[in-house]
Amino acid sequence: MLLILLGPPGAGKGTQAEQISEKYNLLHVSTGEILRESIKKGMPLGIKAREYIDRGELVPDKVIVGIIEERLESDGGAGGFLLDGFPRTVAQARSLDVVLERKGKSIDSVILIDVDEEELVLRLSGRRVCRDCGDGYHIKFLPPQVRNVCDRCGGELYQRDDDSIEVVKQRMHVYREQTEPLVAYYKNNNLLAKVDGAQDVEGVFRQISRLLDNLA
Ligand code: AP5
């Protein structure tokens, strides 16, 4: 199975991806996570990517497509791949189609998590992430048991630099301009399934599970 999770910043792609990949045995590939890891390790990719991420801009397509090509070389999870945050431009989507065609693979479904902008700002401004294991929380919607401490590993929780209000506004703008055209792109290919992302985390997961159970 090859799935794509599409949606604006803060829609809950990462939150859902964690549960979906576990239930369906998929390799979760998050381009945002890969870039943040590279920044943390001071790798050349991270140094280059940081300039874009901190401004709320997209990292150039060529760099991102290279990362994805490399990941798709692996066997994936037993059930396949779950792409989270990729593709994000029509050019990336076209490159993915070419890479998959070369491998004799194709996309099974693109799940759009739909949430309105006011709610997205609330979600991003309250998001906290574990410095050590990367687990995600929300100060109101998904609080840790102890303030600023990760339930899973005890690590310190922090707020992402690109979750400041100015950068969030720019990320929303970039989504509307560069990523939203993918909705039409995948609709035209009969691959798009939309879920109501305004429900609680469990409600969204139930709706996605129903879609995926019907695909299997
Ligand atoms: P990336 O990390 O992919 O950021 P994003 O797409 O903006 O998405 P987010 O991680 O902000 O949100 P999410 O949808 O995963 O929401 P989450 O589950 O955390 O990318 C960061 C940057 O990297 C980009 O800006 C770009 O510069 C670069 N980049 C990455 N990929 C790229 C690409 N392909 N091309 C070019 N550049 C690229 O949830 C958010 C919060 O809400 C959390 O606190 C969570 O607990 C809470 N929450 C989740 N679901 C619910 C719910 N149902 N109800 C209530 N609260 C909820």
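Counting starts at 1 for both ligands and their atoms, in listed order. All heavy atoms count here, side chains included; hydrogens, waters and symmetry mates do not.
The proximity of L35 to ligand 1, defined as any non-hydrogen pair under 4.0 Å, is limited to the side chain. When non-hydrogen atoms are compared, ligand 1 lies under 4.0 Å from the side chain of R171 (C-beta onward) but not from its backbone. Counting heavy atoms closer than 4.0 Å to ligand 1, residue V201 contributes atoms from both its backbone and its side chain. Neither the backbone nor the side chain of Y175 comes within contact range of ligand 1; no heavy atom lies under 4.0 Å. Only backbone heavy atoms of E57 (N, CA, C or O) come within less than 4.0 Å of ligand 1; its side chain stays farther off.
In this structure, the side chain of Y137 engages the main chain of D151 through a donor-acceptor pair within 3.5 Å. Between the K13 side chain and the S30 main chain, no donor and acceptor come within less than 3.5 Å of each other. With R152 contributing its side chain and D135 its backbone, the two residues share no donor-acceptor pair below 3.5 Å.
Ligand 1 has an N or O atom lying under 3.5 Å from an N or O atom of V59, backbone or side chain.
Rounded to the nearest 0.5 angstrom, E118 CD and L120 CG are separated by 10.0 Å. L72 CG to L83 CG: the interatomic distance, rounded to the nearest 0.5 Å, is 6.0 Å.
Using a 4.0 Å cut-off between charged side-chain N and carboxylate O, D163 and R128 make no salt bridge. Using a cut-off of 4.0 Å between Lys/Arg side-chain N and Asp/Glu carboxylate O, R94 and D61 are scored as not salt-bridged. Under a 4.0 Å N-O distance rule, the pair E33/R36 qualifies as a salt bridge.
For the pair V167 and I53, the minimum side-chain heavy-atom distance is 4.5 Å or more. Side-chain contact between L182 and V90: present, with at least one pair of heavy atoms (C-beta onward) separated by less than 4.5 Å.
Taking a cut-off of under 4.0 Å to the non-hydrogen atoms of F141, the atoms of ligand 1 that pass are 55 (C), 56 (N). In the vicinity of Y137, heavy-atom distances shorter than 4.0 Å reach the ligand 1 atoms 43 (C), 44 (O), 46 (O). Every atom of ligand 1 is numbered from 1 in the order shown, and the set under 4.0 Å from a heavy atom of T15 is 17 (P), 18 (O), 39 (O), 45 (C), 49 (C). Remark: ligand 1 atoms within the under-4.0 Å shell around heavy atoms of G14 are 13 (P), 15 (O), 18 (O). For ligand 1 and D200, the ligand atoms under 4.0 Å from any heavy atom of the residue are 53 (N). Close contacts between ligand 1 and L124 involve ligand atoms 11 (O) [criterion: under 4.0 Å to a heavy atom]. For ligand 1, the atoms closer than 4.0 angstrom to any heavy atom of Q92 are 33 (C), 34 (N), 35 (N), 36 (C).
The closest approach between a heavy atom of Q199 and any atom of ligand 1 is below 4.0 Å. Ligand 1 lies nowhere less than 4.0 angstrom from a heavy atom belonging to R128. At a 4.0 Å cut-off, not a single heavy atom of G126 sits close enough to ligand 1 to count as contact. Residue contacts with ligand 1: R36 is included, with a non-hydrogen atom under 4.0 Å away. Under a 4.0 Å heavy-atom criterion, G10 is in contact with ligand 1.
Relative to the six-membered ring of Y52, R55 meets both conditions, a distance below 6.0 Å and an angle of at most 45° to the axis.
Nearest to atom 4 (O) of ligand 1 by heavy-atom distance, out of K13, R160, E202, is R160. Atom 20 (O) of ligand 1 has its nearest heavy-atom neighbour, among E51, E33, R88, in R88.
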